[in-house]
Visitor: 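Below is the structure I would like to discuss, written out as C-alpha cells.
As a basis for the values below, the full set of heavy atoms in this structure was taken, side chains included, without hydrogen atoms, waters or symmetry mates. Note that this is a predicted model, so its numbers are computed, not measured.
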Amino acid sequence: VEREISYVMGASMLVSAQYIRDVGLMQDDYFLYYEEIDWAMRGKGKFALGYAPDSFVFHKSGASSSKVMPMFSANLYYRNSIRFMSRFLPERIGALKRHLLLEVLRYGMKGEWALSKLVLGILRDAAKIQLEARSSINSMQLRLSADGRTKPPIARSRASACQPSE
C-alpha cells in the first residue's frame, strides 16, 4: 500500500479477515451510496486504509445508478447521506438538511419537479431515517460484541486495502 487514504471505493477493495472480525461487515441498510465510507469510519483508528496506484480495476461507472434509474439513485443517495451523517457527524445534520433544502430549490428552478418533490419527501422523513440509522448501527455493534465474529465477506477486487494500524 503506497499511500494512506480516508476511505476506499467499494468497486475495488481488499480487506483482511481481521478487519471483518473487528469491524464487521458493511451495514446492510445502505445500497449503492455511502456503504464503503460507513465501513471505513467504523474501522477508523483501528486500521489504516491505503491505496495502490499501480493496480487497475475497471468499473463501469453509472451502470447501476443515476443514468439508468435517476429517481431510484437520487432517493438512495439523499437518504443514505442522512443515514451516514446521523451515525458519524450528527453535529452536521442541520447543515445537511439546509443543503437538501437548497437541492429542492435547485431542482425546482430547473423544472425537475419529480426530483424536487423526492428530496422534499426525504427531508420530511429525516427524523425517521436518523432514528433507523442509529438503531441499526447499535444492533450491529451488539451482534459483534455478543459472538465476536461475522459471516465471511463477499470477494472484492484489488485496488485498495485495509490493514491494521501500527
Side-chain angles (χ1 to χ4, degrees), residues 3-13 15 19 22-51 53 57 59-145 153-154 156 159-162 165:
R3 184 177 66 185
E4 286 192 25
I5 55 177
S6 298
Y7 71 95
V8 296
M9 297 304 293
S12 61
M13 70 172 64
V15 298
Y19 192 89
D22 291 357
V23 176
L25 298 174
M26 288 184 182
Q27 288 288 106
D28 57 8
D29 56 345
Y30 290 105
F31 180 71
L32 278 183
Y33 302 105
Y34 286 92
E35 64 267 35
E36 63 267 83
I37 301 170
D38 179 289
W39 209 25
M41 290 294 284
R42 289 190 287 129
K44 190 176 183 177
K46 302 173 195 169
F47 291 86
L49 305 178
Y51 169 67
V57 174
H59 177 252
K60 187 171 180 173
S61 179
S64 62
S65 62
S66 62
K67 295 173 189 157
V68 178
M69 299 180 290
M71 295 296 288
F72 177 74
S73 296
N75 182 40
L76 291 172
Y77 179 79
Y78 292 121
R79 284 182 181 279
N80 288 348
S81 67
I82 293 172
R83 184 171 282 118
F84 177 82
M85 294 292 268
S86 298
R87 288 179 176 155
F88 299 103
L89 301 165
E91 71 280 1
R92 303 292 299 151
I93 200 75
L96 176 61
K97 288 178 180 178
R98 287 188 296 277
H99 170 74
L100 293 179
L101 186 56
L102 289 174
E103 289 286 276
V104 169
L105 297 173
R106 184 177 63 88
Y107 286 132
M109 289 173 57
K110 290 171 37 179
E112 296 178 0
W113 304 112
L115 283 167
S116 183
K117 184 178 176 182
L118 176 99
V119 177
L120 190 58
I122 290 168
L123 272 170
R124 268 195 318 264
D125 293 344
K128 180 182 174 189
I129 296 167
Q130 289 174 260
L131 182 61
E132 289 170 355
R134 287 191 298 269
S135 60
S136 68
I137 194 79
N138 290 340
S139 67
M140 175 168 245
Q141 289 168 343
L142 287 173
R143 283 194 311 268
L144 280 173
S145 64
I154 296 171
R156 303 284 182 190
S160 30
C162 304
S165 297

Visitor: Is Asp29 close to Glu132 at the side-chain level, that is, under 4.5 Å between some pair of heavy atoms?
Guide: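 No, side chains not in contact.
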Visitor: Which heavy atom in Leu115 sits nearest to a heavy atom in Ala74, and how many Å separate them?
Guide: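 The answer is CD2-CB, 3.6 Å.
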Visitor: Describe, in one word, how the ring planes of Tyr77 and Tyr34 are oriented to each other, choosing from parallel (under 30°), tilted (30 to 60°) and perpendicular (over 60°).
Guide: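 Tyr77 vs Tyr34 ring planes: tilted.
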Visitor: Would Arg83 and Gln130 satisfy side chain to side chain contact (heavy atoms under 4.5 Å, CB included), going step by step from the backbone distance to the final call?
Guide: CA-CA 6 Å; Arg83 184 171 282 118; Gln130 289 174 260; over 6 Å; no
Visitor: Please answer whether the main-chain N or O of Tyr33 pairs with a side-chain N or O of Glu35 as donor and acceptor at a distance below 3.5 Å.
Guide: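 The answer is yes, because a donor-acceptor pair under 3.5 Å joins these two groups.
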Visitor: Is the backbone of Pro70 close enough, under 3.5 Å, to the side chain of Ser73 for a donor and an acceptor to pair up by distance?
Guide: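 Flag not set: sc Ser73 to bb Pro70 has no pair under 3.5 Å.
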Visitor: Determine, using ring centers only, whether Tyr30 and Phe84 are less than 6.0 Å apart.
Guide: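 Judged by ring-centre distance (under 6.0 Å), Phe84 and Tyr30 do not meet the cut-off.
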Visitor: Could you walk me through whether Asp125 and Arg79 pass the salt bridge (Lys or Arg N to Asp or Glu O under 4.0 Å) check?
Guide: CA-CA 9 Å; Asp125 293 344; Arg79 284 182 181 279; 3.0 Å; yes
Visitor: Look at atom CZ of Arg92 and say whether more than 12 heavy atoms of other residues, nucleotides or ligands are closer to it than 6.0 Å.
Guide: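 No.
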Visitor: Shortest non-hydrogen contact from Ile93 to Met85?
Guide: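 The pair with the smallest heavy-atom distance is CD1-CB, 3.8 Å.
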Visitor: Walk me through it: do Ile82 and Leu123 pass the test side chain to side chain contact (heavy atoms under 4.5 Å, CB included)?
Guide: CA-CA 9 Å; Ile82 293 172; Leu123 272 170; 5.5 Å; no
Visitor: The test is side chain to side chain contact (heavy atoms under 4.5 Å, CB included); show your working for Leu32 and Phe72 and say whether it passes.
Guide: CA-CA 10 Å; Leu32 278 183; Phe72 177 74; 4.2 Å; yes
Visitor: Rounded to the nearest 0.5 Å, what's the gap from OG on Ser81 to CG on Leu100? Could you check?
Guide: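 If we round to the nearest 0.5 Å, Ser81:OG and Leu100:CG are 5.0 Å apart.
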Visitor: A side-chain contact here means heavy atoms from C-beta on lying under 4.5 Å apart; do Ile129 and Asn80 qualify?
Guide: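 Result no, sub-4.5 Å side-chain heavy-atom pair not found.
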Visitor: Can Val15 and Phe47 be said to form a side chain to side chain contact (heavy atoms under 4.5 Å, CB included), step by step?
Guide: CA-CA 10 Å; Val15 298; Phe47 291 86; over 6 Å; no
Visitor: Using a 3.5 Å distance criterion without hydrogens, assess whether the side chain of Arg42 forms a donor-acceptor pair with backbone atoms of Leu25.
Guide: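 Between the backbone of Leu25 and the side chain of Arg42 there is a qualifying donor-acceptor contact (under 3.5 Å).
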Visitor: Starting at CD1 of Ile37, measure out to NZ of Lys44 and round the result to the nearest 0.5 Å.
Guide: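 Nearest 0.5 Å value for the CD1-NZ distance: 12.0 Å.
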Visitor: Kindly say whether Gly24 contributes a backbone atom to a donor-acceptor pair with the side chain of Trp39 at under 3.5 angstrom?
Guide: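 Between the backbone of Gly24 and the side chain of Trp39 there is a qualifying donor-acceptor contact (under 3.5 Å).
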Visitor: Tell me whether Ser116 contacts the main-chain N or O of Val104 through its side chain, where contact means a donor paired with an acceptor under 3.5 Å.
Guide: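 Yes; at least one donor-acceptor contact below 3.5 Å.
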Visitor: For the atom pair CD (Gln27) and CD (Glu36), what is the distance rounded to the nearest 0.5 Å?
Guide: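 Result: 13.5 Å between the selected atoms.
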Visitor: Looking at Lys97, I want to see if its NZ is surrounded by more than 12 non-hydrogen atoms of other residues, nucleotides or ligands under 6.0 Å.
Guide: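 Correct, the count exceeds 12.
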